[in-house]
Amino acid sequence: MALNIPSKKSRTLCFFLVLIICIVTTLAELQRFEHPTKEDGSLSFLVLGDWGRRGDFNQSEVAFQMGRVGEKLDIDFVVSTGDNFYDNGLSSEHDTAFEESFTNIYTQTSLQKQWYSILGNHDYRGDAEAQLSPQLRKIDSRWLCLRSFIVDAELAEILFVDTTPFVDMYFTSTEDHTYDWRGIPSRKAYIQTLLKDVELALKKSSAKWKIVVGHHAIRSIGHHGDTQELINHLLPILQANDVDFYMNGHDHCLEHISDNKSGIQFLTSGAGSKAWRGDMKNEEALNKQGQLVNFFYDGQGFMSVQLNPTQAEIAFFDVFGNVIHSWTAFKLLHPSI
């Protein structure tokens, strides 16, 4: 049988096609979504994590209070910090858990806004691709979930970072859990590219407020504690690029920790349903590392964020809608150069 050997011209063309694909992949930036501010230039949103349990473990009660606070603040959107569906994400695009844990729970008028969501480790235990599918937007148009992306809200840029692939234990000590890594053929390459994309986006950003959202905590005294992989790889980028807030879930609590060295505020909102773990890490150990624990609450709740060009107001609410911690940051309207 005669062998069909490609011509030199064909081989050259194939080489350049591969090269172009590699260059495009290397230079690809995070997908960006524009979200306008209010007419007065302000922005407000709620932050919720670790919630999808078909209304159980006070999920419905938290949702009700979110609706009440959302109406009062006239929120622009909702941020989900991941672990959207328990215990093992969605089984497919047709899994009824999507409607039973999302559409049928967050029903108040004020919550009928865009939801920007990322994946948590529990979401990766199911069909991770299902949560990313545009098909879910046909069921509920509020839903937008991607691995990593940017919300450009003029006043603020919010970078959503897929933190689960950073964590070693999900690859080395899976404890009989199966993770859906189909979208991550090479973990090392995926993380390196993501870190470059995050660094580039932060360097280019001229937003007044720079916010990064991930599922896993960088700093926490909750059950899971610090995520060392993020301290090693992501935190230096945030510190070098004047990030104001890092928001996360994973620990089923509400938490506010300040980085005294860089000024980054670590804000945990992972109390959307099951909480009350009853344990916490050594606060003194964090203090010795230059971190200040301002607030820790082990019960259910959520967080609100209100921004304008000179001020950021952060508030944590419990399952009864009470403000249990608040904090305000200020910025100069025209900082000196």
Side-chain angles (χ1 to χ4, degrees), residues 30 32-49 65-81 108-118 142 144 149-161 198 201-214 238-239 241-248 254-260 262-269 292 294-295 301-318 321-337:
L30 297 176
R32 183 179 293 267
F33 299 88
E34 294 186 359
H35 198 117
T37 59
K38 296 180 175 66
E39 290 185 1
D40 63 0
S42 67
L43 189 73
S44 60
F45 57 94
L46 302 181
V47 183
L48 177 74
Q65 297 300 339
M66 286 176 63
R68 187 181 63 83
V69 173
E71 181 179 5
K72 181 178 179 180
L73 300 184
D74 187 22
I75 61 169
D76 298 285
F77 52 83
V78 178
V79 166
S80 171
T81 59
Q108 284 93 328
T109 301
S110 69
L111 303 182
Q112 306 308 304
K113 305 289 178 69
Q114 184 68 64
W115 283 57
Y116 296 111
S117 307
I118 52 172
R142 294 177 293 172
L144 177 64
F149 60 101
I150 299 172
V151 173
D152 182 352
E154 302 175 33
L155 176 67
E157 278 198 0
I158 309 174
L159 278 73
F160 291 76
V161 179
V198 169
L202 289 174
K203 284 183 180 297
K204 291 172 60 177
S205 176
S206 60
K208 196 72 175 181
W209 300 98
K210 295 182 182 181
I211 302 170
V212 176
V213 175
L238 308 191
Q239 291 172 327
N241 289 281
D242 302 317
V243 168
D244 297 288
F245 308 117
Y246 177 80
M247 303 176 180
N248 62 272
L254 303 173
E255 192 172 18
H256 175 199
I257 296 174
S258 299
D259 184 348
N260 293 330
S262 68
I264 297 174
Q265 306 301 312
F266 300 107
L267 305 168
T268 297
S269 182
L292 175 64
N294 301 288
F295 166 73
F302 59 97
M303 181 173 74
S304 70
V305 180
Q306 298 179 81
L307 303 173
N308 64 43
T310 61
Q311 187 171 302
E313 296 182 34
I314 308 295
F316 290 90
F317 297 83
D318 66 13
N322 300 315
V323 176
I324 51 178
H325 175 71
S326 61
W327 181 83
T328 303
F330 299 94
K331 286 196 175 188
L332 296 175
L333 185 59
H334 301 292
S336 59
I337 299 176

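Only this structure's heavy atoms are used, side chains among them; waters, hydrogens and symmetry mates stay out. Model, not experiment: these values are computed from the prediction.
Within the 4.5 Å cutoff, the side chain of L238 has heavy atoms near those of the V212 side chain. In this structure, L267 and I314 have side chains that are in contact, with non-hydrogen atoms separated by less than 4.5 Å. In this structure, the side chains of M247 and V79 stay at 4.5 Å or more apart for every pair of heavy atoms. Side-chain atoms of L48 and W115, non-hydrogen and from C-beta on, do get closer than 4.5 Å to each other.
Note on D76 versus K38: salt bridge recorded, some NZ/NE/NH1/NH2 to OD/OE distance being below 4.0 Å. Comment: D244 does not engage K208 in a salt bridge, judged by the lack of any side-chain N to carboxylate O separation of less than 4.0 angstrom.
Taking CD1 from I211 and CD1 from I158, the interatomic distance works out to 4.5 Å, rounded to the nearest 0.5 Å. Put simply, CD1 on I118 and OG on S80 are 7.5 Å apart, with the number rounded to the nearest 0.5 Å. In this structure, the separation between CE on M303 and CE on M66 is 11.0 Å, given to the nearest 0.5 Å. We find the CD1-CD distance between I75 and Q114 to be 11.5 Å, quoted to the nearest 0.5 Å. The distance from atom CG of L202 to atom CG of N241, rounded to the nearest 0.5 Å, is 5.0 Å. Between the CG atom of L111 and the CG atom of L46 there is a distance of 7.0 Å, given to the nearest 0.5 Å.
With hydrogens and angles disregarded, no donor-acceptor distance shorter than 3.5 Å links the side chain of Q306 to the backbone of S44. Between the side chain of K210 and the main chain of F245, no donor-acceptor pair closer than 3.5 Å is present. In this structure, the side chain of Q265 engages the main chain of G263 through a donor-acceptor pair within 3.5 Å. Formation of a donor-acceptor pair under 3.5 Å by the E157 side chain with backbone atoms of A153 is not found in this model. No side-chain donor-acceptor contact under 3.5 Å links N322 to the backbone of I324. Under the 3.5 Å distance criterion, the side-chain polar atoms of S269 are left unmatched by any main-chain donor or acceptor of F302. Side-chain atoms of N308 come within 3.5 Å of backbone N or O of T310 as a donor-acceptor pair.
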Quiz item: Please walk me through it: do E313 and V305 pass side chain to side chain contact (heavy atoms under 4.5 Å, CB included)?
Solution: CA-CA 6 Å; E313 296 182 34; V305 180; over 6 Å; no

Practice problem: Under the side chain to side chain contact (heavy atoms under 4.5 Å, CB included) rule, what do V78 and F45 come out as? Steps first, then yes or no, please. | Solution: CA-CA 5 Å; V78 178; F45 57 94; over 6 Å; no

Exercise. Determine, stepwise, if the pair N294 / S258 fulfils side chain to side chain donor-acceptor pair (under 3.5 Å).
Key: CA-CA 7 Å; N294 301 288; S258 299; 2.7 Å; yes

Quiz item: Is there a side chain to side chain contact (heavy atoms under 4.5 Å, CB included) between Q112 and R142 once you walk through the steps?
Solution: CA-CA 7 Å; Q112 306 308 304; R142 294 177 293 172; 3.3 Å; yes

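Applying the 6.0 Å contact sphere to NZ of K331 captures more than 12 heavy atoms from other residues, nucleotides or ligands. Surrounding CD of E71 are at most 12 heavy atoms belonging to other residues, nucleotides or ligands under 6.0 Å away.
Every residue was checked against the salt bridge (Lys or Arg N to Asp or Glu O under 4.0 Å) condition with D318, not counting sequence neighbours, and none meets it. Looking at residues two or more places apart in sequence or on another chain, you find no side chain to side chain donor-acceptor pair (under 3.5 Å) involving E154. In this structure D152 satisfies the salt bridge (Lys or Arg N to Asp or Glu O under 4.0 Å) test together with R32, sequence neighbours excluded.
Contact detail for P309 and G41: the closest heavy-atom pair is CD-O, 4.3 Å. Closest approach of A315 and V323 over heavy atoms only: CB-CG1, 4.4 Å. Here the shortest heavy-atom pairing between G49 and T81 reads CA-OG1, 3.1 Å. The nearest pair of heavy atoms linking I150 to A201 is CD1-CB, 3.7 Å. For the residue pair F317 and G321, the shortest heavy atom distance occurs at CD2-O, 3.5 Å.
F77 has its ring centre less than 6.0 Å from the ring centre of H35. A centroid separation of less than 6.0 Å is found between the aromatic rings of F295 and H325.
Classification of the Y116-F33 ring pair by plane angle, with boundaries at 30° and 60°, yields tilted.
Across Y246, W327, F266, a single residue satisfies ring pair (Phe, Tyr, Trp, His ring centres under 6.0 Å) together with H256, and that is W327.
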